[in-house]
*Asks:* 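Below is the structure I would like to discuss, written out as structure tokens.
Nothing fancy with the numbering, it's 1 onward along the sequence. All of these numbers come straight from a predicted model, not from anything done at the bench.
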Amino acid sequence: MTPPTSAPVLRRLQLEDSAFRAPLSNQARKAWREAFGAVRGETERRALPLSAEDQVVQSMPDASPAKWHRAHTTWFFEQFLLLPHLPGYRVFDERFAYLFNSYYVAAGPRHARPKRGVLTRPEGDEVAAYRAHVDRAVESLLAHANDSELPAIARALEIGLHHEQQHQELLLTDILHAFAGNPITPAYDAEWERPQASSSANGFVEVPRGIHTVGFVGEGYCFDNETPAHRVYLQPVRIARALVSNAQWLEFMQAGGYATPSLWLSDGWTLVEAEGWIAPGYWRKLDGGWFSMTLGGLNPVDPHAPVTHVSYYEADAFARWAGKHLPSEEEWEVAACAKLLDDAFGSVWQWTRSAYLPYPGYRTQPGALGEYNGKFMINQMVLRGSSHATPAGHARTSYRNFFYPPARWQFSGVRLADYPEQT
């Protein structure tokens with residue numbers, strides 16, 4: 001699987017509003033066209049290995065079909081960019097707003113999320129035509145909009161690009177979940193190889209204590225949940241340079257980690273018993289050895305690779321077994337900014353012990369786009385970093401991913417923290 005291609009173009013778009021005023025407007029239009037084409041092309045590149053049957057399957061309510069991801073990201077541009085900013089825009093199909101709206105209540109009614117897999121129609125060719133229709137309209141908008149309109153257009157376009165990049169990762173995690181349930185263990189890409197850990201160091205490093213600024217600071221793009229930047233005080237803490245490996249996780253399993261209730265939060269132990277968890281997600285034992293379902297198909301578990309597809313409950317139980325803790329998201333961010341972490345990005349998302357809550361002073365923006373993050377700030381936990389499925393250019397130290405504690409179908413792993421004895 002070759003690296004995503006959209007990053008260089010997106011990195012060039014760290015532009016202030018002044019960059020969209022004459023005489024630079026032509027440069028800005030060209031840059032946005034390139035960025036839009038790169039991100040839209042990356043989505044299609046990721047969907048290319050999938051058959052028509054692959055693209056309609058929905059293996060659980062939390063996952064979505066690849067065809068739906070392709071259509072939903074297109075609807076996002078139609079709804080939030082073209083309809084407000086392109087006079088005379090012709091909606092491709094009035095029915096699609098109902099089918100492909102996800103959770104934007106202010107944008108209208110929606111098809112039920114658990115039933116996205118029954119949408120055999122529209123067919124894949126019609127979704128491709130929908131994408132092409134919207135792409136042409138965006139090109140026209142960028143070519144003909146007045147210079148004075150470009151800042152507002154760019155803001156809507158930029159969030160759409162980053163939104164689509166999020167769905168590029170979901171497209172892979174969702175199809176992997178479907179393939180993992182298939183007895184013939186198909187590969188998304190038979191040539192795929194997961195990146196190796198850059199370090200085998202098992203040591204811990206001191207995180208600078210004291211007062212630090214966390215949250216997004218500076219120019220460039222961020223989601224609203226990364227703001228406002230604010231000051232926090234960190235007590236003495238050490239954080240692991242390396243991610244927890246499969247070898248370490250096998251030790252946890254061999255020590256009875258999945259059979260020891262005292263290691264688990266109550267809700268987590270209930271899941272262990274109800275779901276029969278004995279290993280990370282997608283692991284299975286064959287001929288006495290452990291194998292894992294990956295984007296490259298079913299492969300032997302690599303003891304040196306970071307453990308992947310573990311829930312918050314599993315991460316918390318492992319930390320308790322190891323006599324350690326999970327870091328807070330603030331501790332993780334300060335350590336990452338200080339470049340103390342190996343494989344902070346590009347391997348696995350890392351669970352923190354921080355609940356997903358608004359930063360002090362956070363306010364949602366008005367309108368439907370205000371639903372993007374704020375209304376989910378309850379009952380979920382924060383993950384930091386990025387995974388090997390995260391599009392290049394879509395990771396930063398302030399990025400806050402979030403999932404419910406039982407979730408294990410994402411590329412989620414573990415990094416530990418250690419605190420001095422209190423006297």
Side-chain angles (χ1 to χ4, degrees), residues 4 6 9-10 13 32-33 35-47 55 58 63-86 89-113 116 119 122 124 126-142 145 152-174 221-225 364-376 390-391 393-394 399 401:
S6 56
V9 178
L10 285 179
L13 295 179
W32 284 118
R33 283 198 300 271
F36 181 75
V39 171
R40 297 286 281 173
E42 175 63 16
T43 301
E44 293 303 291
R45 189 185 73 83
R46 292 188 177 210
Q55 292 209 35
Q58 182 180 24
S64 296
K67 185 178 72 173
W68 186 91
H69 285 299
R70 294 170 59 221
H72 165 70
T73 52
T74 303
W75 167 84
F76 192 96
F77 284 112
E78 185 173 65
Q79 177 70 28
F80 298 117
L81 176 64
L82 295 175
L83 287 173
H85 296 289
L86 183 60
Y89 171 73
R90 177 180 60 83
V91 170
F92 181 81
D93 190 315
E94 296 285 352
R95 302 170 299 174
F96 283 11
Y98 180 83
L99 295 180
F100 301 124
N101 181 359
S102 53
Y103 52 71
Y104 298 93
V105 177
R110 298 149 309 288
H111 183 69
R113 178 178 181 177
R116 291 170 183 169
L119 300 178
E126 193 169 2
V127 168
Y130 180 34
R131 287 180 67 86
H133 173 85
V134 166
D135 289 354
R136 289 191 296 270
V138 172
E139 290 278 349
S140 177
L141 175 64
L142 289 172
I153 289 169
R155 281 190 287 270
L157 179 59
E158 188 171 38
I159 191 172
L161 294 177
H162 287 269
H163 166 261
E164 182 145 345
Q165 285 190 308
Q166 290 181 318
H167 280 271
Q168 289 167 358
E169 180 158 2
L170 290 170
L171 190 152
L172 295 185
T173 60
D174 292 356
Y221 181 81
C222 74
F223 287 109
D224 63 349
N225 65 355
T364 58
Q365 61 179 298
L369 285 177
E371 301 180 49
Y372 200 106
N373 284 308
K375 70 180 185 180
F376 298 111
T390 306
H394 195 68
Y399 195 107
N401 203 351

*Asks:* Can you tell me how far the OG1 atom of Thr364 sits from the CG atom of Leu369, to the nearest 0.5 Å?
*Replies:* 11.0 Å
*Asks:* Please find out if less than 6.0 Å separates the ring center of Tyr98 from that of Phe100.
*Replies:* no
*Asks:* Write down the atom of Ala156, the atom of Leu81, and the distance for their closest heavy-atom approach.
*Replies:* CB-CD1, 3.9 Å
*Asks:* Look up atom CZ in Phe36 and atom CZ in Phe77, then write down how far apart they are to the nearest 0.5 Å.
*Replies:* 5.0 Å
*Asks:* Identify the heavy atoms of Trp75 and Tyr130 that sit nearest to each other, and give their distance.
*Replies:* CA-OH, 3.1 Å
*Asks:* I'd like to know whether Tyr89 forms a ring pair (Phe, Tyr, Trp, His ring centres under 6.0 Å) with His133, so could you lay out the CA-CA distance, the side-chain angles of the two residues, the decisive distance to 0.1 Å, and finally the verdict.
*Replies:* CA-CA 11 Å; Tyr89 171 73; His133 173 85; 5.6 Å; yes
*Asks:* Using the side-chain hydrogen bond (donor to acceptor under 3.5 Å, both in side chains) definition, which of the options His163, Arg116, Glu164 pairs with His72?
*Replies:* His163
*Asks:* Which pair of heavy atoms, one from Leu99 and one from Pro122, lies closest together, and at what distance?
*Replies:* CD1-CD, 3.8 Å
*Asks:* Under a 3.5 Å distance rule, please check whether Lys375 uses its side chain to pair with a backbone N or O of Gly370 as donor and acceptor.
*Replies:* no
*Asks:* Looking only at heavy atoms, which two atoms of Gly160 and Phe76 are closest? And how far apart?
*Replies:* CA-CE2, 3.6 Å
*Asks:* Enter the distance from Leu119:CG to His111:NE2 here, rounded to the nearest 0.5 Å.
*Replies:* 4.0 Å
*Asks:* Partners of Glu169 by side chain to side chain donor-acceptor pair (under 3.5 Å), sequence neighbours excluded?
*Replies:* Trp349, Ser387, Thr390
*Asks:* Using side chain to side chain contact (heavy atoms under 4.5 Å, CB included), reason through Thr74 and Arg40 one step at a time and then give a plain yes or no.
*Replies:* CA-CA 9 Å; Thr74 303; Arg40 297 286 281 173; 3.0 Å; yes
*Asks:* Whether the Tyr372 and Gln365 side chains hold a donor-acceptor pair (N or O, under 3.5 Å, no angle test) is what I'd like checked.
*Replies:* no
*Asks:* Do NZ/NE/NH1/NH2 and the carboxylate oxygens of Glu42 and Arg45 come within less than 4.0 Å?
*Replies:* yes
*Asks:* Determine whether the side chains of Ser64 and Arg113 contain a donor N or O and an acceptor N or O closer than 3.5 Å.
*Replies:* no
*Asks:* Nearest 0.5 angstrom please: Leu157 CG to His162 NE2, how far?
*Replies:* 9.5 Å
*Asks:* Taking the six-membered ring for Trp, are Tyr221 and Phe223 parallel (under 30°), tilted (30 to 60°) or perpendicular (over 60°)?
*Replies:* perpendicular
*Asks:* Taking C-beta and beyond as the side chain, do Val39 and Gln168 meet within less than 4.5 Å on heavy atoms?
*Replies:* yes
*Asks:* Donor-acceptor pair, distance only, cut-off 3.5 Å: does the side chain of Gln58 make one with the backbone of Ala63?
*Replies:* yes
*Asks:* Using every non-hydrogen atom in the two residues, find where Gln55 and Pro65 come nearest and quote the distance to one decimal.
*Replies:* O-CB, 3.2 Å
*Asks:* Which residue is it: Leu141, Leu161, Val138? I am looking for the one with a side-chain contact (heavy atoms from CB on, under 4.5 Å) to Trp32.
*Replies:* Leu161
*Asks:* What's the shortest heavy-atom distance between Leu172 and Arg46, and which atoms?
*Replies:* CD1-NH1, 3.4 Å
*Asks:* Only counting residues at least two apart or in another chain, list the ones meeting salt bridge (charged side-chain N to carboxylate O under 4.0 Å, His left out) with Glu44.
*Replies:* Arg70, Arg131
*Asks:* Using modelled atom types only, decide if a donor and an acceptor are shared between the side chain of Ser140 and the backbone of Arg136 within a distance under 3.5 Å.
*Replies:* no
